[in-house]
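Structure first, then comments.
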Amino acid sequence: RTHVSNAGSDANTAFSCDYAHPCRTFAAALTVTTAGGEILAIDSSGYGKVTIDRSVSIIAAPGVFAGIGVGSGNGVTIATAGVDVVLRGLTVTGQGGADGINMTAGTSLSVENCVIRNMTANGLSVATGGKIRVLDSTFSNNGAAGVRLQGSVRGTLSGTRIFGGTRGIDLSATSGEAASVLLENAAVSESLQTGVTVAATGTGVARLAARNVSVSGSGWEGILAWGEGGTAEIEA
């Protein structure tokens with residue numbers, strides 16, 4: 001386990017960012033965190049963008065505000081095959097940046113009790129086959145979509161709240177891809193265009209099962225399924 005603190009220093013990688021010698025940023029702490037380990041934010045602060053290249057959990061201690069301000073690019077980038085990532089209790093705020101969390105490779109991602117807001121593109125963007133779990137998280141006023149899932153994604157969005165943005169949830173698959181997602185105990189509201197979109201092209205298959213979901217205040221459709229050669233299904 002490694003640690004970050006408002007009073008920390010990235011020079012403390014020499015001490016492996018232990019509790020007595022925390023680092024200042026997630027990026028520095030990651031360099032001395034072994035695969036399968038944890039980075040713990042022990043007090044409230046902003047801890048900077050991070051590109052995750054190994055299996056790791058990044059966790060805010062109870063009652064701690066662990067922020068990532070994103071002036072450009074993505075807040076959290078996951079682009080390494082085979083990694084399992086957990087993000088818990090983080091607040092990712094766009095200040096001109098594109099995606100809050102961007103995953104283009106990896107085995108699994110769990111986003112728990114996180115807030116992602118004001119990104120110019122997507123709150124969460126996943127464009128790879130993998131297992132995705134989003135629990136009790138809030139996405140607000142993200143420019144393109146609150147949650148965008150592309151490819152052979154499997155997973156669950158539970159307790160998710162999405163406010164504003166062009167689209168709330170955007171699930172899609174193209175030729176050779178099969179996506180299957182459960183959306184439960186969720187609320188999607190005030191999307192400028194579509195609240196929930198499920199789309200399939202080519203030979204792709206995109207399936208969304210909805211349980212106890214509220215969609216309201218969309219500028220266009222509340223829920224839309226469409227296929228151009230593919231199979232798009234919504235089960236409610």
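With values rounded to the nearest 0.5 angstrom, Ile116 atom CD1 is found 8.0 Å from Leu87 atom CG.
With contacts defined as side-chain heavy-atom distances shorter than 4.5 Å, the pair Leu182/Arg211 qualifies. Under the 4.5 Å side-chain criterion, counting only non-hydrogen atoms from C-beta, Ile101 is not in contact with Asp99. Looking at heavy atoms from C-beta onward, Thr203 lies in side-chain contact with Ser175 at the 4.5 angstrom threshold. When side chains are defined from C-beta on, Arg207 does not count as touching Arg154, because their heavy atoms never get closer than 4.5 Å. Under the 4.5 Å side-chain criterion, counting only non-hydrogen atoms from C-beta, Phe139 is not in contact with Met119. Residues Val83 and Thr107 fail the side-chain proximity criterion, which asks for heavy atoms closer than 4.5 Å. With contacts defined as side-chain heavy-atom distances shorter than 4.5 Å, the pair Thr197/Trp226 qualifies. Using a 4.5 Å heavy-atom threshold, the side chains of Ile78 and Asn102 count as separate.
Using modelled atom types and a 3.5 Å distance limit, the side chains of Ser216 and Ser189 yield no donor-acceptor pair. In the model, Asn122 has no side-chain atom that pairs as donor or acceptor with a side-chain atom of Asn142 under 3.5 Å. One side chain, Arg161 or Thr138, offers a donor N or O that lies under 3.5 Å from an acceptor on the other. Using modelled atom types, one finds no donor on one side chain facing an acceptor on the other under 3.5 Å when comparing Asn6 with Asp43. No hydrogens or angles considered: a donor-acceptor pair under 3.5 Å links the side chains of Arg117 and Thr93.
Closest of all the heavy-atom pairs between Lys49 and Val70 is CD-CG1, 4.0 Å. Residue Ser152 comes nearest to Gly176 through the heavy atom pair OG-O, 4.2 Å, listed as atom of the first residue, atom of the second, then distance. Between Asp10 and Cys23, the shortest heavy-atom distance links the atoms OD1-CB, 3.7 Å. Contact record, Cys17 with Ala29: SG-CA, 3.9 Å, taken as the closest heavy-atom pair. Here the closest non-hydrogen pair linking Val215 and Ser218 is CG1-OG, 4.0 Å. Residues Ser191 and Thr166 approach most closely at CB-O, 3.9 Å, considering heavy atoms.
Residues Val205 and Val181 do not share a hydrophobic cluster, defined by chaining ILVMFWY side chains whose heavy atoms lie under 4.5 Å apart. Leu40 and Val85 are not part of a single hydrophobic cluster, where members link through side-chain heavy atoms under 4.5 Å apart. Val115 and Phe26 fall into different hydrophobic clusters, where Ile, Leu, Val, Met, Phe, Trp and Tyr residues are linked whenever their side-chain heavy atoms come under 4.5 Å apart, directly or through other members. By the criterion of side-chain heavy atoms lying less than 4.5 angstrom apart, applied directly or through intervening Ile, Leu, Val, Met, Phe, Trp or Tyr residues, Val153 is not grouped with Val86; the two fall into different hydrophobic clusters. Grouping the Ile, Leu, Val, Met, Phe, Trp and Tyr side chains by contacts below 4.5 angstrom, directly or via other members, places Val56 apart from Ile59.
Residue pairs meeting the salt bridge (Lys or Arg N to Asp or Glu O under 4.0 Å) criterion with at least one partner in residues 218-231, sequence neighbours excluded, are absent. Every pair passing side chain to side chain donor-acceptor pair (under 3.5 Å) that includes a residue from residues 69-84 is listed here, sequence neighbours excluded: Asp84-Ser108.
Under a 4.0 Å N-O distance rule, the pair Arg88/Glu112 qualifies as a salt bridge.
Just one of Leu208, Leu124, Ile223, Ile162 meets the side-chain contact (heavy atoms from CB on, under 4.5 Å) condition when paired with Ile169; it is Ile162.
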Show the numbers, then the answer: is there a side chain to side chain donor-acceptor pair (under 3.5 Å) between Ser158 and Arg133?
CA-CA 8 Å; Ser158 181; Arg133 183 172 63 173; over 6 Å; no

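Ring geometry, His3 versus Tyr19: the interplanar angle exceeds 60°, so the pair is classed perpendicular (tilted spans 30 to 60°).
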